[in-house]
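Here is the structure we will look at.
Position 1 is the first residue of the sequence; numbering continues from there. Just follow the structure's listing: the first ligand is 1, and inside any ligand the first atom is 1. Computed from a predicted structure; not experimentally measured.
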Amino acid sequence: MTLSVETGDVERVNLLGLTRSDMEAFVEGMGEKPFRARQLMKWLYKRAVGDFDEMTDLAKAFRERLRLIAEVRVPEVTLRQHSADGTRKWLLNVDRGVNSVPQAIEMVYIPEPGRGTLCISSQVGCAMDCSFCSTAQQGFNSNLTAAEIVGQVWLANREIRGDQPVSNDTSERLITNIVFMGMGEPLANYRNVVAAAEILMDDLGFDISRRRVTVSTSGLVPQMLRLAEETNCALAVSLHAPNDELRDQLVPINRKHRIAELLDACWYYLERQNARSITFEYVMLDGINDQLEHARQLVTLLKHKPAKVNLIPFNPFPDTRYKRSPSAVISRFRDYLNANGVIATTRRTRGDDIDAACGQLVGRVQNRTTVRLGSKLVSLVTEA
Ligand code: SAH
């Protein structure tokens, strides 16, 4: 805990970033019994309560002390969009201290029959520089804290449910799946992403099953190997090309970790996790990686392996040199994979009318910012 000289305020601990053991250590540090940690987590996650005054089974004195040193703070919503197909998108600001400009991230909710997927961000911007990704054009700004990552899910719960308590009946949940497929490379923010995933999967936390929390990576092999030992969430890998020459151009991290090394890390991950399969994301770029020859190479890489291929129709953004593959080409590619021993599906595009694809909304807002108003992001977001 630090004391800020300008304001005299204590920098409060954001409870949303604490794993169960952190929370126990925290309440113990306050001279309280470990069961207080359970009580706090129940209020935070099962009841989605963020105001200590409402936590009525905690002693008043404890609540007052909590108010002094702790807080429940979530990113600030600056824009809400609702698509005709039910997809919802939020633009969020994360606070970066007294004098810094707020930074924008995004979050998307995709409801489907029997399930609801929340797509969250792990960084402001991204340093991976994939050539077909609009987030890459913004460059890297900063890592999100564990509290900012968990705070997205907490906030989405409140936004979607209103003030209703979280049901114990898992079939009534509105958010059943979490994917780290918003802005950022989750494994480049390893420590915070792992802590956040732990809170999301903890039965005292969001209690989401481990198969339904998916970390998506562009292929940071050393971190994948570490992840295999330290957590147990599902893994998706952004493959996007079936040979090194092409992948070097699309996903530059490939120059460091080649496809063969990446796939070895994938199979190792599955073995350690005792999990069923890995999802390989493959963006369909017109004339670049969508030919039958590419499908044939993909079959050579993945045939009879515990792999599923998810074809993503490319989402264009301003100034991109790529185009989306025609739907007939995507179908042909998918059918070829399925006919040759590789399970493949096509990701349905959702929320097209609100630009609910990776990096798009933030990209647009930031473009305008640079053109018109320097760093005045907030006023622009309201305008967008
Ligand atoms: N850094 C992580 C998460 C990125 S976003 C990763 O690389 O996996 C999730 C997925 O969206 C990734 O597979 C990413 O490659 C893909 N993606 C990025 N830009 C896209 C675009 N313009 N159209 C379609 N998919 C895109």
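- There is no side-chain donor-acceptor pair under 3.5 Å between N192 and T145.
- Under the rule for a side chain to side chain donor-acceptor pair (under 3.5 Å), S122 has no partner lying at least two apart in sequence or in another chain.
- Inclusion of S216 in the set of residues having an N or O under 3.5 Å from an N or O of ligand 1 is warranted.
- Within ligand 1, the atoms closer than 4.0 Å to a non-hydrogen atom of M181 are 5 (S), 9 (C), numbered from 1 in the order shown.
- For ligand 1, the atoms closer than 4.0 angstrom to any heavy atom of C133 are 18 (C), 19 (N).
- For the residue pair S216 / E281, a side-chain donor-acceptor distance below 3.5 Å is found, with atom types taken as modelled.
- Ligand 1 places these atoms under 4.0 Å from at least one heavy atom of S218: 6 (C), 7 (O), 8 (O).
- At a heavy-atom cutoff of 4.0 Å, ligand 1 is contacted by the side chain of H240 but not by its backbone.
- The salt bridge (charged side-chain N to carboxylate O under 4.0 Å, His left out) check on E271 picks up nothing, with sequence neighbours excluded.
- R20 has a carboxylate O that lies under 4.0 Å from a charged side-chain N of D203, or vice versa, which qualifies the two as a salt bridge.
- Between E112 and R115, at least one side-chain nitrogen of the basic residue sits less than 4.0 Å from a carboxylate oxygen of the acidic one, meeting the salt-bridge criterion.
- Counting the atoms of ligand 1 from 1 in the order shown, those under 4.0 Å from a heavy atom of I312 are 24 (C), 25 (N).
- Not less than 6.0 angstrom separates the ring centroid of H294 from the ring centroid of Y282.
- Within ligand 1, the atoms closer than 4.0 Å to a non-hydrogen atom of S238 are 6 (C), 7 (O), 8 (O), 12 (C), 13 (O), 15 (O), numbered from 1 in the order shown.
- Ligand 1 has no N or O atom lying under 3.5 Å from any N or O atom of R347, backbone or side chain.
- The shortest N or O to N or O distance between G184 and ligand 1 is below 3.5 Å.
- For F132, a nitrogen or oxygen atom sits less than 3.5 Å from a nitrogen or oxygen atom of ligand 1, counting backbone and side chain alike.
- Both the backbone and the side chain of N315 come within 4.0 Å of ligand 1, counting heavy atoms alone.
- Counting atoms of ligand 1 from 1 in the listed order, those under 4.0 Å from a heavy atom of T217 are 6 (C), 7 (O), 8 (O).
- Counting non-hydrogen atoms of other residues, nucleotides and ligands closer than 6.0 Å to CZ of R63 gives a total above 12.
- By the criterion of a heavy-atom distance under 4.0 Å, neither the backbone nor the side chain of T135 is placed next to ligand 1.
- Counting only N and O atoms by type, the side chains of Q39 and R36 include a donor and acceptor under 3.5 Å apart.
- No more than 12 heavy atoms of other residues, nucleotides or ligands lie within 6.0 Å of CG in N274, so this atom counts as exposed by the packing criterion.
- Distances shorter than 4.0 angstrom do not occur between any heavy atom of M183 and any atom of ligand 1.
- Residue G182 approaches ligand 1 through these ligand atoms, each under 4.0 Å from one of its heavy atoms: 5 (S).
- Residue C119 places no heavy atom under 4.0 Å from ligand 1.
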